[in-house]
Amino acid sequence: METSNNVSTELQALVSRLKRGTSGIVPANGLEEKLAKAEKMGKPLNIKLGLDPTAPDIHLGFAVVLRKLRQFQDAGHQVIIIIGDYTALIGDPSGRSATRPMLTAEEINANARTYVDQLSVILDREKTLVRFNGEWLGKLDFAETVKLASRMTVAQVLQREDFANRYATHQPISLHELLYPLAQAYDSVAIEADIEMGGQDQTFNILAGRELQKEMGQDQQIGLFMPILVGLDGVKKMSKSIGNYVGIRETPDSMFGKLMSISDTMMRDYYILCTDVPEEEIAALLKQAETGETNPKDVKRRLAREIITIYHGADAAVQADNEWNRVHSAREIPTDMPEFSLTQAGLTEEKIWICRLLAEAKIAKGTGDARRLIEQGGVSLNGEKVTNVKADYSQEALIGVVLKVGAKRYLRLAK
RNA sequence: GGGGAGAUUCCCGAGUGGACAAAGGGAACUGACUGUAAAUCAGUCGCGUUACGCUUCGGAGGUUCGAAUCCUCCUCUCCCCA
């Protein structure tokens, strides 16, 4: 027997859970209203997320939004993923400083499949509806498109920071890029979205959806924004193409290493957005790190364990932690490292020049680069620093040897 | 349609006939320090077994002993006017 009072307390708890980490909700009280409405009507909300099928590897930055969607699913709402197969023909200009390349149909389809596979790591596949926006956008004829376009003004579009910047710095902006927000807005109309999720860089597109829904006489969706997770470099948005990312399917060891390399100031965001550690506890941990009560390194290790636990389980997380500690604090060589086959690389001669070896192993860009690394004291074989740039080794002498370059690159040489 | 500006090595950006493989900054990499954090310092940063050679400055030709720099054509971009 639930009293109405209980229901509202539950709703309150849900609202605060859903609001964790969000960087904005438009309109401010929209979430409560939508949830209350859903409850009253006994109908789940349509939660929309649009995906551009360009970079099919899901990383922690992307997971921020997906994890939020999962919370909605767990609360019984309908998640609708829209694969922007049609809009990929345009290329989302959001946050971009240059025109995105257009994709071919094959690339888009391949990417879309990969996406759907990977989404299920975080989302409940059974409760996820996947649609392609070519389904409705492909049916619009030119007249309808122009009519849609008439609902937005150039000034509105140019208000966007990314466009404004490009315009101000005399970068080219193609006309078709201006149509992107409109297409995305039309997606919201097509599926009658109640909530559209997105990173902060989606603000304009999502608000355009509200406008268009209003024009078409629909209930307006609310915009639920998540902050952009800063990548490992601490500067730019986490992204595959920049390479500053942690993929959710990476090995625990790799994730651990990458997470330990983020700067201290980034810990808060990562804790809030990438883990389920309660907010009060996060605050306490960070405070300890700041006062020196706990070594900040250990607070970061905890962060890495928390994240890895989500994707690989607690045991794997502890193991990765141990391994990391062994290699980086105790300075022992890693248990696992990539192998490099000399024979496969064609290094079978009696005399193998060390620079050639580094180049073939792709550890150096070429022998000139390898020479520099050695001259700078960055290369060692079985822990012994290589000092002679002209050194030759026989294949026999190299087999089983651990090649170390720089602080973190290890390779075990094999036949 | 008319007029003007521009395209330089991963990015930004200097360089207007020889001293330019090309200033400076950023990124990146190596070393020192350290908590594989940040900050700082030193070095490297087109290719090559490297005190020497080779290939670069949007593309194709040309002038010259010599071209990133001058000329011609082409491609692309930005600005102003209509």
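Any value given below was found using the heavy atoms of this structure, including those in side chains, with hydrogens, waters and symmetry copies removed. Each chain gets a letter, A, B and so on, in the order its sequence line appears, and its residues count up from 1.
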Task: B:A67 pairs with, by Watson-Crick or G-U criteria that keep both distances under 3.5 Å - done: none

- [ ] In whole angstrom, give the distance that lies between atom CZ of A:R371 and atom P of B:U44.
- [x] 15 Å

Task: For B:A5, the Watson-Crick or wobble counterpart (both distances under 3.5 Å) - done: B:U77

- [ ] Looking only at non-hydrogen atoms, find the nearest pair between A:L178 and A:M152 and report the distance.
- [x] O-CE, 4.2 Å

Open item on the list: Please report the distance separating the C1' of B:A68 from the corresponding atom of B:G6, rounded so that it comes out in whole Å.
Closed with: 15 Å

- [ ] For nucleotides 75-82 of chain B, just jot down a letter per nucleotide in 5' to 3' order: B, S or -, based on protein non-hydrogen atoms under 4.0 Å.
- [x] --SSS---

Open item on the list: Does the plane of the ring in A:F62 sit parallel, tilted or perpendicular to the ring in A:Y115? Use 30° and 60° as the thresholds.
Closed with: perpendicular

TODO: Look through every strand shown and name the nucleotide pairing with B:G31 as Watson-Crick or G-U wobble, where both distances are under 3.5 Å.
DONE: B:C41

Open item on the list: By nearest heavy atom, map A:K300 and A:D392 onto RNA chain B; which one lands nearer the 5' end?
Closed with: A:K300

Task: Gap in Å between the two P atoms, one belonging to B:A14 and one to B:A60, rounded - done: 25 Å

Open item on the list: If you assign each of A:D264 and A:G366 to its closest nucleotide in RNA chain B, which residue comes earlier from the 5' end?
Closed with: A:D264

Open item on the list: Return the pairing partner of B:C10 with a 3.5 Å limit on both distances, Watson-Crick or G-U wobble; otherwise return none.
Closed with: B:G26

Task: side chain to side chain donor-acceptor pair (under 3.5 Å) between A:T294 and A:D298, worked out - done: CA-CA 7 Å; A:T294 307; A:D298 293 320; over 6 Å; no

Task: Distance between P atoms of B:U69 and B:U50 (Å, rounded) - done: 30 Å

Open item on the list: Nearest 0.5 Å, please: how far is NE2 in A:H312 from CE in A:M255?
Closed with: 4.5 Å

Task: Under 3.5 Å donor-acceptor pair, A:D298 side-chain atoms to B:G35 base atoms - done: no

TODO: Decide if the gap between the ring center of A:F340 and the ring center of A:Y410 is smaller than 6.0 angstrom.
DONE: no

Open item on the list: When the P atoms of B:G46 and B:A38 are compared, how many Å lie between them, rounded to an integer?
Closed with: 25 Å

Task: d(CG, A:N388; C1', B:U50) in whole Å - done: 14 Å

Open item on the list: Please determine whether a side-chain nitrogen of the Lys or Arg among A:E306 and A:R301 lies less than 4.0 Å from a carboxylate oxygen of the Asp or Glu.
Closed with: no

TODO: Kindly write out the residues that satisfy salt bridge (Lys or Arg N to Asp or Glu O under 4.0 Å) with A:D392, not counting sequence neighbours, or none if the list is empty.
DONE: none

- [ ] Rounded to the nearest angstrom, tell me the gap between atom NZ in A:K297 and atom C1' in B:A37.
- [x] 11 Å

TODO: Could you give the distance separating B:A19 and B:A39 at their P atoms, to the nearest angstrom?
DONE: 38 Å

Open item on the list: Please report the distance separating the P of B:C20 from the corresponding atom of B:A67, rounded so that it comes out in whole Å.
Closed with: 16 Å

Task: Minimal non-hydrogen separation, A:V121 against A:Y311, with atom names - done: CG1-CD2, 4.2 Å

- [ ] Sort and list the pairs that fulfil salt bridge (charged side-chain N to carboxylate O under 4.0 Å, His left out) and have at least one residue in residues 131-150 of chain A, not counting sequence neighbours.
- [x] A:R131-A:E135

Task: Gap between atoms CZ and P, on A:F256 and B:G35 respectively (whole Å) - done: 16 Å

Open item on the list: From CE of A:M260 over to C1' of B:U34, roughly how many Å is that when rounded to an integer?
Closed with: 13 Å

Task: Whole-Å C1' distance, B:G13 and B:G59 - done: 23 Å

Open item on the list: Measure CZ/A:R301 against C1'/B:G35 and give the value in whole Å, please.
Closed with: 10 Å

Task: A:K365 NZ to B:G46 C1', straight-line distance once rounded to whole Å - done: 8 Å

Open item on the list: Base contacts versus sugar-phosphate-only contacts with protein, heavy atoms under 4.0 Å: please encode nucleotides 27-32 of chain B as B, S and - from 5' to 3'.
Closed with: --SSS-

Task: Separation of B:G35 P from A:D321 CG (nearest whole Å) - done: 17 Å

Task: Qualifying residues under salt bridge (Lys or Arg N to Asp or Glu O under 4.0 Å), relative to A:D233, sequence neighbours excluded - done: none

Task: Gap in Å between the two C1' atoms, one belonging to B:G18 and one to B:C70, rounded - done: 14 Å

TODO: List in chain and number order the residues that pass side chain to side chain donor-acceptor pair (under 3.5 Å) with A:N165, two or more places apart in sequence or in another chain; answer none if no residue qualifies.
DONE: none

